[in-house]
Amino acid sequence: MRKIKKLLVANRGEIACKIIKTAKKLNIPTLAIYSDEDINSIHVSLADEAINIPGSNVSDTYMNSMAIINICKKYKANAIHPGYGLLSENAAFVELVEKNNLIFVGPNSEIIRNMGQKDKAKSLMENAGLPVVPGYHGAKQDKDFLKQTASNIGYPVLIKAVAGGGGRGMRIAEDNKTFLSALTEASNEAKTNFQDKNCLIEKYIPLARHIEIQIFADKHGNVIHLFDRDCSLQRRQQKIIEEAPAPKIDDEIRSFLGDISVKAAKAIQYEGAGTIEFIADIKNGLDKNKIYFMEMNTRIQVEHPVTEAVTSTDLITWQLQIADGKKLPKLQDEVSLNGWSIEARLYAEDVSKDFIPQTGFINHFNLPNQLKHPNCFIETGTKKGDYITPYYDPMIAKIISHGTNRNESIRNLKRYLDELEIAGIITNLNLLKKLLNNKNFKEANLDTKFVENNIKKLTEDSPQTSHIALAGLIIFKNLIKNENNYWSMWRPSQYPIKLIINNTIFSLNFIYSTLDNVEVHFNDLKFKFYSVKIDDSHILTKLNGKDEKVTYNSFTEKNLGNQIFTIFTKENTFEAQVFNSMIFEENQKEVSQDNVLSPMHGVIKFKNIKKGLHVKKGEVLMLLEAMKMEYSLTCPRNGIIEEIHVKDGQQAGEGMELLTLKKDLNDG
């Protein structure tokens with residue numbers, strides 16, 4: 001049987017780093033690939049060799065099948081590990097790997113094709129004895145037929161790309177009026193990500209839990225499961241927090257799901273790592289008769305570290321060993337659960353703006369001391385100074401905790417996140433902290449709409465008033481260090497400063513007798529700080545007899561030149577800056593309803609619009625493709641398209657004017 005001699009890692013980011021590190025432990029030489037954007041990425045420096053595939057877009061680089069095959073031949077790599085996403089579930093690519101007599105770390109192309117086609121997967125799994133969600137997964141794709149089918153199934157329905165995964169190519173249609181636009185968006189996103197625009201329709205289960213089973217199989221017919229995970233905390237159908245095992249599942253349901261998953265994997269002669277995902281209708285509680293097969297992922301999952309933590313396994317090592325022809329390291333009765341593990345995904349995204357991904361430089365990325373947090377670890381392919389581009393997924397890192405029970409695992413993760421610092425780009429760090437502190441989360445009252453239904457509460461991230469005062473004190477102290485500042489020259493005893501914190505203007509007044517004793521006044525509040533000591537990253541002081549310590553980072557914005565201070569507290573990470581009326585007014589001015597602007601960097605797509613076209617409020621005019629997702633740009637009001645300022649397929653920058661409207665004089 002062929003052995004892996006050199007491994008090409010067909011991925012990027014944290015999973016590429018983990019695969020390379022694991023291969024090195026097994027004495028397998030590694031070959032990385034990288035795009036123009038990733039020339040300074042961690043995975044490039046970790047590999048024994050690294051080869052550039054020119055370009056930025058995934059289609060030109062990490063999903064360029066022929067380029068990857070040719071690199072394998074030229075640099076004598078005889079095996080490919082795809083990680084997750086990208087080409088990991090692309091049957092055509094795996095078939096190409098097989099035709100070129102290379103080893104693919106994963107199942108064969110036939111299995112990937114069958115499981116990748118969600119319609120066929122449902123049929124195969126149904127035949128293997130798994131219950132499936134009611135719906136339509138046939139070949140007919142006529143829009144009117146699908147719309148009628150959705151009505152027959154009953155709204156709401158879930159539209160899913162038949163070749164989809166990772167929440168992409170997925171939309172919810174609440175009624176007949178929204179069905180066609182939802183279908184178009186799902187179909188377009190599916191075409192972009194999976195080169196297949198076809199969709200299936202399922203009955204949407206409003207109150208549901210997302211439970212999945214990790215399975216593993218070798219070339220010798222052995223199949224086991226490594227228990228369950230809960231992935232119900234999601235936004236945009238993508239996971240934020242995952243845990244193993246799934247909470248509030250009794251032994252009967254746990255055994256039932258594990259057994260039927262193993263049976264299904266054996267039925268299709270599966271090989272390698274795989275995940276069978278279930279959706280549980282929990283309207284009347286968790287009932288094993290209302291748990292349905294959703295899909296099978298024929299790859300390693302993003303959340304696999306929580307399974308490793310509770311089963312004391314190394315699943316990437318297993319993947320490489322099985323691809324080498326070895327038997328599974330453990331049989332079913334040798335795998336047991338040990339404690340609890342939770343994973344939080346740190347994303348570059350603005351939670352307050354519907355989780356829209358963010359781009360920009362990471363100016364500061366400080367990780368907690370590992371010795372202080374022995375039960376937590378981070379997996380990342382990102383470092384200080386990296387630029388988060390619009391071309392790839394916005395995940396920055398995964399933070400994983402372990403504990404003897406769920407409460408302990410939550411506490412361990414919370415303590416780690418309290419000390420994690422990142423600045424220069426907006427992230428979901430505050431949301432992760434709020435989720436871990438949420439009473440319902442602590443009690444495991446979870447469902448897939450949990451984040452959406454609690455978003456207002458979860459996005460209330462205004463800092464405490466004492467922390468606002470401390471932020472002001474940090475900025476004040478930095479200002480008076482500057483000898484050219486008029487305050488230093490005139491030495492008054494009171495200094496007024498206006499700050500912008502979380503888009504709100506605060507008028508603060510500073511009164512001090514000595515440099516280490518300062519009063520801060522704002523909003524009729526008074527804070528007396530004593531023994532103030534400040535350096536380039538910390539402020540230490542006493543407030544009401546108690547020690548206060550806050551860390552911070554500052555950087556100068558390239559475009560506008562203003563200094564941004566990022567303040568890190570246990571409860572919150574927030575930005576503060578001195579109020580500049582010109583900058584603030586520019587940022588705060590209301591977007592005219594005559595214009596459609598790009599909310600972020602991305603590629604603009606449109607087909608059915610032109611100058612002079614009458615359009616209505618809410619109508620989808622353009623699509624923005626960024627971070628492997630598509631976003632609808634809708635018409636702000638009824639009107640007529642006066643000018644289109646971009647071309648179809650053009651790259652647009654954040655805030656760029658895309659389209660101008662003029663008033664329709666015939667519109668009442």
Side-chain angles (χ1 to χ4, degrees), residues 1-11 14-32 43 46-48 72 76-84 87-89 94 97-98 101-112 115 213-227 229 244 258 261-262 265-266 268-276 296-338 377 379 400:
M1 188 171 285
R2 293 178 301 155
K3 302 291 183 183
I4 299 174
K5 295 179 180 178
K6 183 192 281 189
L7 181 71
L8 183 145
V9 181
N11 216 298
E14 53 85 19
I15 189 61
C17 293
K18 186 169 184 177
I19 294 166
I20 292 167
K21 290 175 183 176
T22 304
K24 285 191 172 186
K25 290 178 185 176
L26 299 173
N27 295 316
I28 299 172
T30 54
L31 176 61
H43 81 277
L46 282 176
D48 297 307
C72 281
K76 295 182 170 53
N78 74 328
I80 297 174
H81 196 309
Y84 53 72
L87 290 170
S88 63
E89 294 179 290
V94 180
V97 172
E98 293 164 349
N101 201 32
L102 300 170
I103 298 170
F104 182 76
V105 181
N108 63 47
S109 58
E110 182 182 2
I111 288 174
I112 291 176
M115 291 299 105
I213 301 292
Q214 175 74 62
I215 61 103
F216 243 97
D218 61 25
K219 298 176 187 292
H220 307 278
N222 300 305
V223 183
I224 65 169
H225 69 79
L226 291 101
F227 300 100
R229 299 186 286 253
S261 296
V262 168
K266 286 181 176 178
I268 61 172
Q269 297 181 308
Y270 194 76
E271 179 188 318
T275 302
I276 297 184
M296 182 176 191
N297 290 303
T298 55
R299 53 171 167 80
I300 200 73
Q301 292 275 92
V302 178
E303 59 270 21
H304 75 273
V306 295
T307 293
E308 291 180 323
V310 296
T311 57
S312 302
T313 54
D314 181 343
L315 300 188
I316 304 297
T317 294
W318 282 26
Q319 282 189 296
L320 295 172
Q321 289 174 336
I322 287 168
D324 242 355
K326 295 183 174 66
K327 290 185 177 181
L328 281 171
K330 293 184 178 182
L331 297 177
Q332 192 65 66
D333 59 1
E334 297 174 301
V335 181
S336 59
L337 283 171
N338 173 29
F377 61 95
E379 294 189 354
I400 302 101

Does the side chain of [X] reach to within under 4.5 Å of the side chain of [Y], using non-hydrogen atoms?
X	Y	value
Val262	Tyr270	no
Asn338	Thr311	no
Val9	Leu31	no
Val310	Phe227	no
Asn101	Arg2	yes
Phe216	Val223	no
Ile19	Leu7	yes
Ile80	Val105	no

Would you find a donor on one side and an acceptor on the other, under 3.5 Å apart, between the side chain of [X] and the backbone of [Y]?
X	Y	answer
Asn78	Lys5	yes
Asp218	Gly221	yes
His81	Phe104	no
Lys3	Asp324	yes
Asn297	Gly274	no
Thr30	Asp48	yes
Glu271	Ala217	no
Lys24	Leu46	yes

Among side-chain atoms of [X] and [Y], is any donor-acceptor pair under 3.5 angstrom?
X	Y	result
Thr275	Arg299	no
Gln214	His304	no
Ser109	Glu98	yes

Where do [X] and [Y] come nearest, in terms of heavy atoms and distance?
X	Y	answer
Leu8	Cys72	CD1-SG, 3.7 Å
Ile300	Gly83	CG2-O, 3.9 Å
Glu89	Thr298	OE2-N, 2.8 Å
Leu102	Ala77	CD2-O, 3.6 Å

(request) Give a yes or no on this: more than 12 heavy atoms of other residues, nucleotides or ligands lie within 6.0 Å of atom CD of Gln269. (result) no
(request) Using a strict cut-off of less than 4.0 Å between a Lys/Arg side-chain nitrogen and an Asp/Glu carboxylate oxygen, indicate whether Glu308 and Lys18 qualify as a salt bridge. (result)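 Looking at Glu308 and Lys18, the cut-off is met.
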